[in-house]
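The chains referred to below are lettered A, B, ... by the order of the sequence lines, with proteins before strands, and numbering in each begins at 1. Predicted model, so just to flag it, every value in this text is computed and none were measured.
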Amino acid sequence: ELTNRFESIFKKIRGQGKISEENIAEAMRDVKRALLEADVNYKVVKKFTADVSAKALGADILSSITPGQQFVKVVYDELAALMGGNARAIRFHTNRLNIVVLAGLQGSGKTTTCAKLALHFRKQGHRPLLIACDTHRVAAIDQLDTLGKSLEIPVFSDRAKSPLEICREGLAFAQREGFSLAVIDTAGRLHIDADMMAELKALCAAAKPDETFFVADAMAGQDAVNVAKEFHKEIKLSGVILTKMDGDSRGGAALSILDVIGVPLQFIGVGEKPDGLELFYPERMASRILG
Amino acid sequence: SGASGSFDDRFYDALEDALILADIGLETSTDLIARLKSEIAGRGITTPAAAYAALKTLLAGDLAVTKLPDEFPPKPWVILVVGVNGVGKTTTIGKLAGEFGAAGKKVMLGAADTFRAGAVEQLKIWAQRTKADFVFQQDGADPASVAFDAMEASKARGIDVLILDTAGRLQNKTNLMNELSKIVRVIKRNLPQAPNEVLLVVDATTGQNALNQARVFNEIIGVTGFVITKLDGTSKGGIAVALSKNFGIPVRKIGVGEGVDDLQNFDPVSYVDALLG
Ligand SMILES: Nc1nc2c(ncn2[C@@H]2O[C@H](COP(=O)(O)OP(=O)(O)OP(=O)(O)O)[C@@H](O)[C@H]2O)c(=O)[nH]1
Ligand SMILES: Nc1nc2c(ncn2[C@@H]2O[C@H](COP(=O)(O)OP(=O)(O)OP(=O)(O)O)[C@@H](O)[C@H]2O)c(=O)[nH]1
Ligand SMILES: [Mg+2]
Ligand SMILES: [Mg+2]
């Protein structure tokens with residue numbers, strides 16, 4: 001793996017005295033390959049390798065007994081710092097209704113994550129309400145209804161209304177009934193679908209959420225960052241949730257998204273069941289991405 | 001400009017960038033650029049336009065294609081649809097049901113995703129929309145048992161095409177892959193030539209993990225075709241190139257939207273045109 005590769009690169013240049021730019025460049029090419037294989041966006045990879053090359057040249061790699069390990073540490077630390085750099089706690093209030101909206105591409109895991117979030121915050125003492133604002137996908141409301149029933153968490157929906165109407169009425173219901181948290185599910189949509197993005201923008205404007213999460217799939221490829229950018233531009237995201245991290249995808253899209261839109265990655269989805277939600281740890285993600 | 005025709009490193013770097021950004025993958029992209037260089041040298045190509053055309057020809061050549069057969073001598077023709085979570089299996093089945101129905105075939109859909117909330121309801125609505133027959137059991141039932149029931153019902157009712165939906169499953173989940181093996185065993189025992197088609201549905205937004213998905217699903221149950229979905233988005237779906245090249249399995253169909261008509265036959269030439277722009 002990566003550490004061993006770097007050890008062998010640096011071993012053969014030990015005898016030459018000073019580690020040169022070329023040596024760092026060669027090791028950096030291996031980092032580039034690892035990041036691309038992990039699906040980090042190519043533009044982000046280029047910027048990252050340039051930044052880290054400069055840092056590596058400055059670091060005391062030659063004086064280390066194991067320059068390969070030292071090099072990996074520089075790379076790994078930079079990666080973890082990049083991903084954890086925007087970390088902050090979820091901002092919920094204790095004396096009023098808190099509102100969360102989940103948005104993202106089709107199939108990324110929003111509906112399942114809504115149920116997970118509701119369960120997670122109920123365990124912390126919240127009284128959550130799920131609001132089913134996806135009137136677009138076949139049987140979406142059935143899906144959230146079933147999840148809510150299995151967790152004994154109420155679901156607000158209305159098959160006859162528009163997403164915006166359901167959102168407004170659902171939040172009014174939440175206020176009246178004294179819920180402390182409303183988790184709003186939205187339809188999967190393309191960032192290039194003007195009508196659907198306008199619908200989402202109107203929904204978020206009406207809901208005025210405390211947290212707006214972009215739900216992204218851990219197996220997403222090079223285009224993920226472009227999608228996130230567009231959603232961020234339209235509805236101002238406050239955080240990211242990366243799903244299906246129980247798979248064997250390296251999850252490099254997470255690095256690209258965090259680097260480019262600068263909001264924190266708050267949770268990762270680690271299973272299909274409602275308890276499959278974990279907090280995000282940048283160091284663990286860094287070693288996963290580096291492979 | 002250099003010795004290898006009239007193209008310098010910057011030209012090839014820009015091409016490699018475009019391929020990588022399209023999710024073709026570092027290894028496949030590097031290999032394509034190497035093959036392009038020998039095409040250019042061997043054929044004395046001197047203009048960028050001709051170089052692009054040569055690259056497109058290489059790409060299209062790598063993308064094997066056979067569309068689904070129009071005749072189904074064995075009745076029922078059994079199509080098993082598999083893949084990881086959320087890629088578009090159930091929706092693709094709905095679209096296929098629409099297509100076969102429009103061609104005058106008697107279609108049945110088998111709801112062998114007995115796990116996910118709302119999965120049976122979702123497929124039931126697609127069956128209603130496309131006037132397909134529908135077989136299901138209670139939630140949590142053994143999916144192999146649903147597959148068996150669906151096959152028996154298909155034989156009894158003279159169904160032309162039976163399409164079986166399965167639950168999304170990540171390829172590294174051994175117990176779920178074992179469950180899928182069992183479904184296939186039960187299908188084979190019921191009808192030795194079935195499943196006639198095993199479609200692995202892959203999301204166009206997927207990165208290099210698609211190769212792992214294909215490898216594991218193919219190793220465990222044998223895949224006969226890919227369906228690449230969500231090509232109406234901005235992902236170029238370049239993984240299709242790596243998939244075709246590494247597995248020699250054809251891309252059967254592509255999904256280009258959420259509606260019943262949003263399924264197209266895979267055409268390598270227009271696909272490559274869209275890929276490289
Ligand atoms: N293994 C695993 N599966 C997940 C995870 N999160 C979601 N899923 C599965 O991914 C699939 C899609 O999840 P949904 O919640 O329906 O996704 P969605 O974003 O709401 O989909 P649309 O509403 O159609 O856009 C389902 O099979 C879920 O069970 C996760 O963290 N791990
Ligand atoms: N834009 C677009 N969306 C699609 C396409 N195919 C499917 N979808 C959407 O993707 C989401 C997931 O589709 P499903 O058919 O539920 O996916 P699945 O593979 O059956 O999901 P699981 O059973 O949960 O694993 C839905 O919102 C679909 O409408 C496509 O070609 N284009
Ligand atoms: Mg949903
Ligand atoms: Mg499904």
Side-chain angles (χ1 to χ4, degrees), chain A residues 32-43 45-46 105-112 115 136-150 187-193 216-224 226-227 230 243-244 246-253 269 271-272, chain B residues 16-27 29-30 84-91 94 115-126 129 139 167-173 176 202-213 216 229-230 232-239 257-258:
Chain A
K32 166 187 158 188
R33 177 171 22 246
L35 294 178
L36 283 178
E37 284 168 5
D39 293 319
V40 180
N41 182 275
Y42 200 12
K43 299 196 172 115
V45 172
K46 289 188 182 179
L105 292 176
Q106 291 89 347
S108 59
K110 298 174 293 299
T111 304
T112 310
H136 177 79
R137 159 171 160 156
V138 179
I141 296 180
D142 292 279
Q143 185 182 3
L144 197 61
D145 265 348
T146 302
L147 288 171
K149 275 205 189 69
S150 68
R189 70 201 65 220
L190 296 179
H191 52 305
I192 52 170
D193 185 334
D217 198 320
M219 60 185 183
Q222 295 285 314
D223 197 48
N226 301 324
V227 179
E230 199 55 32
T243 62
K244 308 176 201 171
D246 45 322
D248 57 21
S249 259
R250 301 257 289 277
E272 293 187 75
Chain B
E16 196 182 59
D17 279 15
L19 294 174
I20 290 174
L21 285 168
D23 283 315
I24 286 188
L26 179 58
E27 194 177 318
S29 302
T30 311
V84 303
N85 307 69
V87 295
K89 298 177 291 302
T90 306
T91 306
F115 170 77
R116 208 209 67 210
V120 173
E121 190 57 29
Q122 184 185 6
L123 192 66
K124 177 183 278 169
I125 292 172
W126 278 109
R129 278 184 188 177
D139 277 352
R169 68 202 67 224
L170 299 180
Q171 70 276 15
N172 56 320
K173 307 252 163 137
L176 297 182
V202 178
D203 190 323
T205 66
T206 310
Q208 299 309 301
N209 193 256
L211 291 168
N212 254 15
Q213 295 171 18
V216 176
T229 58
K230 308 181 196 172
D232 46 319
T234 52
S235 273
K236 306 281 185 157
I239 34 122
E258 303 188 69

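Between chain A and the options B:Thr206, B:Val87, B:Leu26, heavy-atom pairs under 4.5 Å are most frequent for B:Thr206. The most heavy-atom pairs under 4.5 Å with chain A, out of B:Asp139, B:Ile125, B:Leu123, B:Leu211, come from B:Ile125. Listed options B:Leu170, B:Val84, B:Asn209 were ranked by heavy-atom pairs under 4.5 angstrom with chain A; first place goes to B:Asn209. Ranked by heavy-atom pairs shorter than 4.5 Å toward chain B, the options A:Gly188, A:Ala115, A:Gly221 are led by A:Gly221. With chain B as partner, the option from A:Val138, A:Thr112, A:Thr146 having the largest number of non-hydrogen pairs under 4.5 angstrom is A:Val138.
Neither the backbone nor the side chain of A:Lys149 has a heavy atom closer than 4.5 Å to any heavy atom of chain B. For chain B, the nearby part of A:Asn41 is the side chain; its heavy atoms alone come within less than 4.5 Å. Using a 4.5 Å cut-off between heavy atoms, A:Leu36 contacts chain B through both its backbone and its side chain. The contact between B:Lys173 and chain A is made entirely by side chain atoms (from C-beta outward), counting heavy-atom distances below 4.5 Å. Both the backbone and the side chain of B:Leu21 have a heavy atom closer than 4.5 Å to some heavy atom of chain A. Heavy-atom distances place no part of A:Arg250 under 4.5 Å from chain B, backbone and side chain included. With a 4.5 angstrom heavy-atom cutoff, A:Asn226 does not touch chain B via any of its atoms. For chain A, the nearby part of B:Leu176 is the side chain; its heavy atoms alone come within less than 4.5 Å. Within the 4.5 angstrom heavy-atom criterion, only side-chain atoms of A:Leu105, from C-beta onward, approach chain B.
Side-chain atoms of A:Arg33 and B:Glu27, non-hydrogen and from C-beta on, never get closer than 4.5 Å to each other. B:Arg116 is not listed as a side-chain neighbour of A:Leu147, based on a closest heavy-atom distance of 4.5 Å or more. The closest side-chain heavy-atom distance from B:Lys236 to A:Asp223 is not below 4.5 Å. A:Leu190 places a side-chain heavy atom less than 4.5 Å from the side chain of B:Asp232.
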Stepwise side chain to side chain contact (heavy atoms under 4.5 Å, CB included) test for A:His136 and B:Glu258 | CA-CA 10 Å; A:His136 177 79; B:Glu258 303 188 69; 3.2 Å; yes

A:Asp142/B:Gln122 under side-chain hydrogen bond (donor to acceptor under 3.5 Å, both in side chains): CA gap, chis, key distance, verdict | CA-CA 8 Å; A:Asp142 292 279; B:Gln122 184 185 6; over 6 Å; no

Given the rule in the side chain to side chain contact (heavy atoms under 4.5 Å, CB included) test, do A:Asp217 and B:Thr205 qualify, once you have shown the distances and angles that lead to the verdict?
-> CA-CA 9 Å; A:Asp217 198 320; B:Thr205 66; 5.9 Å; no

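Electrostatic pairing of B:Asp17 and A:Lys43 does not count as a salt bridge here, judged by no charged N lying under 4.0 Å from a carboxylate O.
In this structure, A:Asp39 contributes its side chain and B:Gln208 its backbone to a donor-acceptor pair below 3.5 Å. Panel note: side chain A:Asp248, backbone B:Asn172; no donor-acceptor pair is recorded below 3.5 Å.
In this structure, B:Asn85 CG and A:Glu272 CD are separated by 4.0 Å, a value rounded to the nearest 0.5 Å. Rounding to the nearest 0.5 Å places OG1 of B:Thr91 at 6.5 Å from CZ of A:Arg137. Within the model, atoms OG of A:Ser108 and CG of B:Asp203 stand 9.5 Å from one another, a figure rounded to the nearest 0.5 Å.
The shortest heavy-atom contact between B:Gly118 and A:Ala139 is O-CB, 4.1 Å. Taking both residues in full, the closest heavy atoms of A:Gln106 and B:Lys230 are given as O-NZ, 2.9 Å, listed atom of the first, atom of the second, then distance. For the pair B:Asp23 and A:Gln222, the tightest heavy-atom approach, listed with the atom from each and the gap, is OD1-N, 2.9 Å.
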